[in-house]
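Here's the structure we're looking at; comments come further down.
Chain naming here is simple, since letters A, B, ... match the order of the sequence lines and numbering starts at 1 in each.
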Amino acid sequence: MKARYNIAPTQPIAAVRANENSGNRELAIFSWGLVPFWAKEPSIAHQLLNARSETAAVKPAFRGPMRHHRCLIPADGFYEWKAIGGQKQPYYIRRPDHEPFYFAGLFDHWGSPDGSEIESATILTTAANDFMTPIHKRMPVIIPESQYDRWLDPKVQQPAKLADLLRPAPEDFFIRKPVTPLVNSVRNDMPECIMPTVEPPSPPNQLGFGF
DNA sequence: CCAGACGTTGTT
DNA sequence: GTCTGG
DNA sequence: CCAGACGTTGTT
DNA sequence: GTCTGG
């Protein structure tokens with residue numbers, strides 16, 4: 001299996017879920033961007049790349065999956081773009097020790113009238129912690145190892161029993177590195193995408209030009 | 001009742 | 001500006 | 001998320 | 001399928 005450096009929405013992602021019969025953990029491949037079972041068109045996936053953890057339990061697209069279709073999506077890093085003026089600077093965010101971690105995810109199963117099927121997933125987000133705030137106002141929810149079982153447990157269905165997991169990661173969980181804008185194009189899926197570049201200049205802090 | 005949406009991020 | 005595709 | 005398209009008629 | 005808006 002080839003390593004990926006730039007996974008785009010609608011592309012395949014690996015995940016762990018509880019088998020619906022045995023309850024045992026199993027590997028699944030989902031396309032990124034949720035296609036709810038009731039969707040008329042799979043193109044809705046583009047609007048459902050992320051789910052706000054604060055409201056997922058009551059949103060039509062996420063309510064069912066939040067109760068019955070939770071998963072863990074492994075990664076060893078992700079990108080966020082920092083807006084600097086009109087520009088966007090991409091950052092690669094990973095653990096200091098390069099170890100992988102798991103996003104909190106939701107999945108669903110969609111069947112079209114013509115018989116084709118899509119298994120898809122979305123990533124829950126929460127407020128940025130102090131570490132992430134300079135880059136972005138939101139961040140993905142990370143599930144710690146001690147909580148994998150609870151997050152995947154199909155018997156746990158009440159939102160209140162999961163709310164304590166939907167928190168920003170600890171401040172020292174991640175480090176970040178500015179990276180090349182190569183990552184801006186989904187055509188560029190290569191190791192260079194995660195190679196650190198020089199820190200970009202700080203945005204000007206002088207105000208009052210009166211535009 | 002039926003029709004239409006069902007979402008997030010970021011920017012102004 | 002907004003939508004679609006990857 | 002960003003990049004790239006954004007359209008029709010007619011022909012293969 | 002379920003909720004919201006009219």
* Got a sec? Which of residues 56-78 of chain A come in under 4.0 Å of DNA chain E, heavy atoms? ->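 Per residue number, the list reads A:Pro60, A:Arg63.
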* **Stretch residues 106-125 of chain A: residues that reach within less than 4.0 Å of DNA chain E through a heavy atom** =>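 Heavy-atom cutoff 4.0 Å gives no residues at all.
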To the nearest Å, how far apart are [X] [atom1] and [N] [atom2]?
X        : N     : atom1 : atom2 : answer
A:Asn6   : D:dC1 : CG    : P     : 14 Å
A:His46  : B:dT9 : NE2   : P     : 17 Å
A:Leu34  : B:dT8 : CG    : C1'   : 13 Å
A:Leu166 : B:dT8 : CG    : C1'   : 16 Å
A:Ile93  : D:dC1 : CD1   : P     : 13 Å
A:Lys82  : B:dT9 : NZ    : P     : 17 Å

* Select base, sugar-phosphate, or nothing to describe what A:Leu48 touches, counting heavy atoms under 4.0 Å on all strands. =>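 Contact class for A:Leu48: sugar-phosphate only.
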* Asked: Heavy atoms under 4.0 Å, any strand shown: does A:Ala39 hit a base, just sugar-phosphate, or nothing?
  ->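 No contact at all - A:Ala39 keeps every heavy atom at 4.0 Å or more from the nucleic acid.
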If you count every heavy atom of other residues, nucleotides or ligands that lies below 6.0 Å from [X] atom [atom1], does the total exceed 12?
X        : atom1 : result
A:Gln87  : CD    : no
A:Glu171 : CD    : yes
A:Glu26  : CD    : yes

I'd like to know if [X] and [Y] make a salt bridge, using a cut-off of under 4.0 Å between side-chain N and carboxylate O.
X        : Y        : value
A:Lys88  : A:Glu80  : no
A:Asp149 : A:Arg25  : yes
A:Lys59  : A:Glu54  : no
A:Asp164 : A:Arg150 : yes
A:Arg94  : A:Asp76  : no

* Is A:Arg52 near enough to B:dT8 that one of its side-chain N or O atoms lies under 4.0 angstrom from OP1 or OP2? ->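 Looking at the OP1 and OP2 atoms of B:dT8, neither is under 4.0 Å from any side-chain N or O of A:Arg52.
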* To do: Would you grab the first and last nucleotide of DNA chain C (5' to 3') that comes under 4.0 Å of any non-hydrogen atom in chain A?
  =>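 The contact span of chain A on DNA chain C goes from C:dG5 to C:dG6.
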* Structure fact -> Per-nt protein contacts along nucleotides 2-7 of chain D (heavy atom under 4.0 Å; B base, S backbone sugar-phosphate only, - none) come out as SSS---
* To do: Give the dot-bracket string for DNA chain C, reading 5' to 3', where a pair is Watson-Crick or G-U wobble with both distances under 3.5 Å, ( ) marks pairs inside the strand, [ ] marks pairs crossing earlier ones, | marks a partner on another strand, and . marks unpaired.
  => ||||||
* Asked: Can you name the ring-ring contact (aromatic ring centres under 6.0 Å, His included) partners of A:Phe103, sequence neighbours left out?
  ->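 For A:Phe103 the ring-ring contact (aromatic ring centres under 6.0 Å, His included) partners, ignoring immediate neighbours, are A:Phe78, A:Phe101.
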* For D:dC1 and B:dT8, measure between their C1' atoms and round to the nearest Å. =>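 The answer is 11 Å between these two C1' atoms.
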